[in-house]
Amino acid sequence: MRLNNPFTTSFGTIQDKEFFIIEAIDNKGTSGFGESVAFTSPWYTEETVETTRHMIEDFLIKILQENEINHPDEVTDLFAVIKRNNMAKAAIEGAIWDLYAKRNNISLTQALGGKKSQIDVGISIGIQASTQDLIDKIDYYLQEGYKRIKLKIKPGYDIEVLRNVRKTFPDAPIMADANSAYTLDDINILKQLDEFELMMIEQPLAHDDIINHAKLQPAIKTPICLDESIHSLDDAKKAIELESCRIMNIKIGRVGGLTEARRIHDYCQEHNIEVWCGGMLEAGVGRGHNIALSTLPQFMVPGDTAGSALYWQQDIIKPEVIVKNGMINVPDKPGIGYEVDPNQLERFSIDLKTFDLRGG
Ligand code: OSB
Ligand code: MG
């Protein structure tokens with residue numbers, strides 16, 4: 001699917017999103033849906049669309065064929081024999097969570113234990129051609145009611161840009177995401193960012209680091225939020241113990257599914273670490289999962305899950321995700337609470353494969 005606006009980070013630009021929709025169908029014909037979030041190339045983490053396909057077809061489906069599942073939490077535990085490949089695991093696990101909720105005639109929000117009927121929404125703005133373009137966009141989104149503005153930064157596109165942004169919007173809730181573009185050698189630049197009173201800086205250092213983030217955090221006032229570094233509850237525990245971050249971005253795909261996401265949420269709640277739900281430029285199915293997860297109580301910071309229309313000409317779900325006054329109404333229908341539109345699915349599909357799990 002083609003994005004309305006090409007999305008630029010410190011690593012490059014995404015214009016088209018390739019992904020899988022996984023439909024899990026039970027013996028009564030009830031369907032649950034999941035969406036894969038890995039990109040075409042491995043710039044964000046190591047996974048890609050093609051590694052996702054390989055893992056699902058050649059390993060994960062087999063595990064489901066050989067085991068009976070009574071609760072989606074069991075999927076996470078069964079998949080644990082396969083190292084990492086969390087986005088592949090999460091695509092299947094998400095479909096099984098949606099199916100589980102529908103079979104029990106409850107919303108995914110209820111199935112996860114979420115209580116909110118509305119969630120606060122922030123927006124992530126990619127790197128723009130000019131600072132004026134960026135300022136115009138921020139102005140527009142603030143007027144639209146978005147409750148948190150995230151800007152992408154990289155070396156050379158940081159201090160000056162943020163200075164101009166802060167001058168124009170002295171009190172706006174602004175944060176910056178570096179997508180791991182800096183090293184400790186850049187500490188002087190990172191210290192200068194304190195002047196702009198950002199809500200947080202997301203993943204300033206390497207994607208696989210928690211040690212240097214622990215060195216950086218005491219040297220700057222701005223809270224560090226980890227994104228790329230956190231793949232599991234274990235990673236979250238290490239980062240919290242080392243004080244590598246004060247805030248955590250939870251992405252369902254990055255951590256291997258909703259079960260692990262909820263475990264990280266619960267641990268952060270016990271340790272007073274605020275969390276928020278990150279985005280992967282999802283279509284409607286993944287967006288629905290993000291909304292349900294965001295209803296858990298420790299999701300205290302507005303996330304990146306904005307409305308469908310910001311990303312797509314026409315989403316694959318009905319109704320689309322709508323943002324009003326910076327909030328999304330959480331659906332209360334069974335499962336994710338959005339219907340997958342078969343025409344849209346067909347329109348964007350390039351292949352369809354079916355796997356039989358019965359009698360395994
Ligand atoms: O780092 O959070 C990120 C998009 C693609 C990959 C990584 C990130 C992002 C975003 C935008 O910041 C999230 C979204 O709007 O879905
Ligand atoms: Mg990020």
Side-chain angles (χ1 to χ4, degrees), residues 1 3-19 35-49 86-87 90 119-128 134 137-138 141 144 146-154 174-182 198-209 213 223-231 239 245 247-255 261 275-291 293-294 301-312 315 320-321 323 326 328:
M1 283 173 78
L3 287 160
N4 289 338
N5 298 298
F7 192 83
T8 302
T9 70
S10 56
F11 277 92
T13 301
I14 302 168
Q15 171 71 77
D16 296 310
K17 184 93 198 279
E18 277 187 280
F19 56 93
E35 178 178 326
S36 70
V37 298
F39 298 108
T40 307
S41 69
W43 66 269
Y44 168 74
T45 64
E46 66 275 23
E47 290 184 87
T48 69
V49 174
N86 287 342
M87 295 178 187
I119 60 163
D120 290 336
V121 181
I123 188 169
S124 175
I125 305 176
I127 290 173
Q128 302 295 310
L134 179 61
K137 285 219 151 138
I138 297 172
Y141 292 127
E144 286 280 297
Y146 284 93
K147 294 185 190 285
R148 192 224 61 196
I149 304 280
K150 167 165 135 184
L151 312 178
K152 295 286 187 180
I153 57 168
K154 61 178 183 179
I174 291 170
M175 60 171 288
D177 184 1
N179 286 110
S180 68
Y182 297 88
L198 301 172
M199 297 167 76
M200 69 194 90
I201 178 164
E202 185 177 344
Q203 198 71 34
L205 308 178
H207 72 97
D208 54 355
D209 170 76
H213 282 107
I224 292 176
C225 169
L226 289 179
D227 174 356
E228 282 90 326
S229 300
I230 306 296
H231 298 270
C245 65
I247 301 172
M248 214 172 276
N249 169 337
I250 300 180
K251 288 187 185 173
I252 301 167
R254 167 164 46 69
V255 304
V275 305
W276 55 278
C277 182
M280 290 288 282
L281 310 171
E282 287 93 345
V285 170
R287 208 159 284 283
H289 284 89
N290 287 346
I291 292 166
L293 180 68
S294 303
V301 185
D304 279 348
T305 303
S308 300
L310 203 78
Y311 301 84
W312 316 112
D315 206 338
E320 300 204 332
V321 175
V323 174
I328 292 171

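For ligands, and for the atoms within them, numbers begin at 1 and follow the listed sequence. Please read these numbers as outputs of a predicted model, since none were measured by experiment. In this chain, residues are counted from 1 in sequence order.
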What protein heavy atom is closest to [atom], reported as residue, atom name and distance in Å?
{"atom": "atom 15 (O) of ligand 1", "answer": "Tyr311 OH, 2.6 Å"}
{"atom": "atom 16 (O) of ligand 1", "answer": "Leu281 N, 2.9 Å"}
{"atom": "atom 4 (C) of ligand 1", "answer": "Phe7 CE2, 3.6 Å"}
{"atom": "atom 13 (C) of ligand 1", "answer": "Gly279 O, 3.3 Å"}

### Summary
From the list Met199, Arg148, Met248, side chain to side chain contact (heavy atoms under 4.5 Å, CB included) with Trp276 holds only for Arg148

Within the side chain of [X], is there an N or O that forms a donor-acceptor pair under 3.5 Å with the backbone of [Y]?
{"X": "Trp312", "Y": "Glu282", "result": "yes"}
{"X": "Lys152", "Y": "Ala176", "result": "no"}
{"X": "Tyr311", "Y": "Asn4", "result": "no"}
{"X": "Gln128", "Y": "Leu134", "result": "no"}
{"X": "Arg254", "Y": "Asp227", "result": "yes"}
{"X": "Asp209", "Y": "His213", "result": "yes"}
{"X": "Ser10", "Y": "Ala178", "result": "yes"}
{"X": "Lys17", "Y": "Met280", "result": "yes"}
{"X": "Ser308", "Y": "Val321", "result": "yes"}
{"X": "Glu202", "Y": "Met175", "result": "no"}

Contacting atoms of ligand 1, where contact means under 4.0 angstrom from a heavy atom of [X]:
{"X": "Trp43", "result": "6 (C), 7 (C)"}
{"X": "Lys152", "result": "1 (O), 2 (O), 3 (C), 8 (C), 9 (C), 10 (C), 12 (O)"}
{"X": "Ser124", "result": "10 (C), 11 (C), 12 (O)"}
{"X": "Tyr44", "result": "7 (C)"}
{"X": "Lys150", "result": "2 (O), 3 (C), 12 (O)"}
{"X": "Phe39", "result": "5 (C), 6 (C)"}
{"X": "Asp227", "result": "1 (O), 2 (O), 3 (C)"}
{"X": "Asn179", "result": "1 (O), 3 (C)"}

### Query
Could a heavy atom of Glu202 be found less than 4.0 Å from some atom of ligand 1?
yes

### Task
Have a look at Met280, Glu282, Lys251, Arg254 and point out the one with the heavy atom closest to atom 2 (O) of ligand 1.
Lys251

### Task
Would you mind telling me if ligand 1 is within reach of the side chain of Thr9, the backbone, both or neither, using heavy atoms under 4.0 Å?
neither

### Task
With heavy atoms under 4.0 Å as the rule, classify the contact between Ile14 and ligand 1 as side chain, backbone, both or neither.
neither

### Message
Testing the 3.5 Å rule here: is there a donor-acceptor pair between the side chains of Ser229 and Gln203?
### Response
yes

### Query
Is there side-chain contact between Tyr146 and Val121, with heavy atoms separated by less than 4.5 Å?
yes

### Task
With the side chain counted from C-beta on, respond yes when Thr40 and Asp16 share a heavy-atom pair under 4.5 Å apart, and no when they do not.
no

### Message
Taking 2.8 Å as the distance threshold, tell me the number of protein N/O/S atoms next to the Mg ion (ligand 2).
### Response
3

#### Entry: Polar atom proximity, Glu228 to ligand 1 (N or O, under 3.5 Å)
no

### Message
Tell me whether Arg287 has any N or O atom under 3.5 angstrom from an N or O of ligand 1.
### Response
no

### Message
Parallel, tilted or perpendicular, judged at 30° and 60°: which one describes the rings of Phe11 and Trp43?
### Response
tilted

